[in-house]
Amino acid sequence: MNEHGGGLMSTTQKYRRWAAPIVALIAVAALVGLLPHLGFTSASQAPLWTEQHAGVQNAMIQAPDWVRLSKEAKPAVVNISTKLNAEAQAMPQLKGRPDERSFEDFFKRFFDEGPRRPVRAAGSGFVLNANGYIVTNNHVVENATDIQVKLGDGRELPAKVVGRDSKTDLALVKVEAAGLPVIPLGDSTALQVGEPVMAIGNPFGLEQTVTTGIVSATGRVIGSGPYDNFIQTDASINPGNSGGPLINARGEVIGINTAIFSRGGGSVGIGFAVPSSLAKTVITQLADHGKVERGWLGVSIQPLTKDLARTFKRGDSAGALVSSVTEGSPADKAGVKTGDVIVEFNGKKVAKATDLPGLVADVPVGSAVPIVVIREGTEMRLNAKVARLEEEAPAKVAASDGKGQLGLSVQPLTPPMARELGLKVKEGVLVRDVVEGGRAAEAGIQAGDVIVEIDRRPVRTVEDLKARVDKQAKGEPIVMLVNRDGNALYVAIPAV
C-alpha cells in the first residue's frame with residue numbers, strides 16, 4: 001500500500017501535504033474492492049471462502065492414488081475360467097421390459113462366448129475372505145461343469161460353488177487356500193455421482209486390467225429383474241470383466257461389474273455394477289445357506305404415470321401402483337386391493353415402484369410389517385405378515401392374429417379359449433390385433449393382452465368395452481387393466 005501511495009505522490013508534488021491522506025484512502029478502497037476478485041475476502045465472509053477453498057483442497061488431497069490402489073487391490077482379483085457344456089454356452093443377456101426390447105440386443109453379460117462345444121470361458125472375481133471365498137457373477141459359473149480360479153500370485157486352483165442367486169446375478173465360490181489377500185467391501189449407499197472409481201478384471205482374457213472413470217449414475221433400472229438397482233459407470237469394462245470389483249478412492253469394493261450397454265460388444269462407456277449394499281445381504285445368505293431367502297408380499301406393481309396418477313386421485317407419481325393381488329397372499333390377507341398405491345412399507349417411503357421389491361425382499365420371513373396405501377385418495381394403514389418368496393414357473397404367452405376407435409381388434413374371451421391359450425383369467429376381452437401407430441399401440445397395448453377393466457369397471461364383453469370407451473369423458477385418459485402373460489398391468493391410453 002505504501003508503494004502505491006508513494007508512486008502516486010511522486011507525480012503530485014504540488015499537493016504533497018494534503019494529497020497523501022486522500023491517496024491513501026483511495027488506495028485502501030481500491031484494494032478492498034479488488035480483494036474478492038483476487039481470491040480474498042473480509043473476516044465476516046471468511047467461513048464461506050474457507051468452505052469453498054477447503055472443498056478444493058480436500059478434492060485435491062482426496063484425488064485417488066490409482067497406482068497405490070491398484071497395487072493393493074490387484075493381488076485379490078482373480079481370473080475365473082469355466083468349462084461349459086454345449087447347451088449352456090449361449091451368451092446370457094439382460095432381458096428388457098416389453099417396451100425396451102432393444103435392451104435384449106444391447107445389454108450383454110461380460111462372458112466370453114465360445115463355439116458350440118465344451119470349451120473354457122473366462123470371467124473375473126475377487127477374494128472376499130482370506131480362507132478362499134470369492135465373489136463373482138452367477139452367469140460366470142452357471143451351468144459350469146468345471147471351475148478353475150487363477151489367483152493374483154499365479155496359482156491355479158479348482159473351485160466349487162457355495163451358492164448362486166440368479167435374481168441379483170451374484171455367486172460365491174470357494175478355493176482351498178488360506179491367507180489370501182482380500183479387498184474390503186465398502187458402503188455403496190454413500191456413493192455420489194461423479195465420484196472416481198476403478199474397475200479391475202480380465203477383459204478379453206487380458207488379466208489384471210485396470211481402468212478408471214466416475215460414477216455416472218446410481219439406482220439404474222435396466223430391465224434385468226425385480227431387484228434392479230445398478231451403479232452406472234464410464235470406467236471401461238468389457239467381456240471378461242464380469243464379476244470383477246468396482247473400487248472407490250479408498251480401495252473398497254462398492255460394486256460388482258455385471259453388464260454393459262453396447263451395440264458392438266465392446267465398451268462404450270456405459271457399464272453397470274451390482275452395488276455392494278445389495279451384495280452384502282446376498283453374499284451372507286449364500287455363505288450361510290447356499291441360497292437366498294426373500295420376503296414375499298403377493299402383489300404385482302407398476303410405476304404410477306402422470307395419467308394413472310390422475311385416475312387414482314394422486315397429486316404426484318410417488319409410490320407403487322398395485323395392478324393385481326395374489327389370492328391368499330400376505331397382501332390379500334392384509335386387505336391390499338388392486339388399484340391401491342403403496343407409498344410406505346415397513347416404515348420406509350416407496351418413492352417409486354422399483355423401490356418396493358427390494359424392501360419386501362429384505363424383510364425376514366414371518367415378520368409383521370406396516371403398509372401405508374392410498375385408496376381412492378384416502379390414506380390407509382394396513383399390516384401384513386411377510387411370507388417366503390417361492391420360485392414360480394414361467395407363464396405361457398398368449399397367441400394372437402387378424403380394427404376401431406382405439407386401433408384394436410378384439411373378441412370375447414371364453415373359458416375354453418382361455419384354457420386353450422393357457423391364460424389365467426377366465427373372462428374379459430382378448431386383443432387379437434393392434435394397429436401400428438394407433439392410440440392403443442402407442443400406450444403399449446399388445447396382441448394377446450386380455451382387457452379386464454376400464455376405469456376400474458369390469459369388462460366382460462366387447463359391448464362392455466365399446467360402452468366404456470364411448471362414455472369416456474373428453475380430455476380424460478382411458479385406464480385399462482390388462483392381463484399379459486399371467487400378470488396384471490394398468491395401461492393409460494392418452495386422451496384425444
Side-chain angles (χ1 to χ4, degrees), residues 97 165 167-168 189 219 221 225-229 275 277-278 280-282 285 292-392 424-425 452-453 455-456 458 479-484 486-492:
R97 295 186 293 271
D165 181 48
K167 288 183 170 61
T168 56
T189 61
V221 176
Y227 308 112
D228 275 18
N229 184 27
S277 57
L278 173 60
K280 287 177 183 178
T281 303
V282 173
Q285 291 202 49
V292 178
E293 183 179 83
R294 292 184 171 91
W296 177 65
L297 188 60
V299 294
S300 294
I301 58 171
Q302 64 182 93
L304 192 65
T305 65
K306 182 179 178 180
D307 286 337
L308 289 174
R310 290 172 56 190
T311 299
F312 291 96
K313 300 180 180 180
R314 290 283 290 155
D316 55 43
S317 58
L321 175 61
V322 177
S323 55
S324 70
V325 180
T326 302
E327 186 177 354
S329 67
D332 185 34
K333 293 176 182 178
V336 178
K337 304 293 183 184
T338 299
D340 285 351
V341 179
I342 299 176
V343 295
E344 188 176 307
F345 180 84
N346 198 25
K348 298 180 180 179
K349 296 294 183 182
V350 179
K352 53 186 184 298
T354 52
D355 292 342
L356 186 61
L359 293 175
V360 176
D362 287 343
V363 173
V365 173
S367 300
V369 298
I371 305 174
V372 179
V373 304
I374 304 298
R375 181 180 300 168
E376 298 291 343
T378 302
E379 181 177 291
M380 301 183 64
R381 295 183 177 272
L382 309 172
N383 286 282
K385 187 175 182 180
V386 175
R388 178 182 291 103
L389 176 66
E390 304 292 347
E391 295 293 333
E392 298 181 357
K424 292 184 178 181
V425 291
V452 295
E453 284 184 10
D455 295 331
R456 315 296 300 283
V479 178
M480 294 183 175
L481 179 63
V482 304
N483 188 284
R484 179 179 298 162
N487 298 310
L489 179 73
Y490 281 105
V491 177

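Keep in mind it's a predicted model, so treat the numbers as computed, not measured.
- In this structure Phe345 satisfies the ring-ring contact (aromatic ring centres under 6.0 Å, His included) test with no other residue, sequence neighbours excluded.
- Listed by chain and residue number, nothing satisfies the salt bridge (charged side-chain N to carboxylate O under 4.0 Å, His left out) test with Asp307 (two or more places apart in sequence, or in another chain).
- Not counting sequence neighbours, Glu453 has no partner by the salt bridge (charged side-chain N to carboxylate O under 4.0 Å, His left out) test.
- For Asp455, there are no salt bridge (charged side-chain N to carboxylate O under 4.0 Å, His left out) partners two or more places apart in sequence or in a different chain.
- No more than 12 heavy-atom neighbours from other residues, nucleotides or ligands sit within 6.0 angstrom of NZ on Lys306.
- With sequence neighbours left out, the side-chain hydrogen bond (donor to acceptor under 3.5 Å, both in side chains) criterion links Lys385 to no other residue.
- Pro303 is linked by a side-chain contact (heavy atoms from CB on, under 4.5 Å) to Ala353, counting only residues two or more places apart in sequence or in another chain.
- Applying the ring-ring contact (aromatic ring centres under 6.0 Å, His included) test to every pair with at least one member in residues 303-340, sequence neighbours left out, gives these pairs: Phe312-Tyr490.
- The stretch residues 315-324 participates, sequence neighbours left out, in these salt bridge (Lys or Arg N to Asp or Glu O under 4.0 Å) pairs: Arg314-Asp316.
- Residue pairs meeting the salt bridge (Lys or Arg N to Asp or Glu O under 4.0 Å) criterion with at least one member in residues 322-339, sequence neighbours excluded, do not occur.
- Residues Val350 and Val343 form no side-chain contact, since every pair of their non-hydrogen atoms from C-beta on lies 4.5 Å or further apart.
- Shown here are the side-chain contact (heavy atoms from CB on, under 4.5 Å) partners of Lys352, two or more places apart in sequence or in another chain: Thr354, Asp355.
- Residues satisfying the side-chain hydrogen bond (donor to acceptor under 3.5 Å, both in side chains) test with Thr338, not counting sequence neighbours, are none.
- The side-chain hydrogen bond (donor to acceptor under 3.5 Å, both in side chains) analysis of residues 357-378, with sequence neighbours excluded, yields the pairs Asp340-Arg375, Glu376-Arg456.
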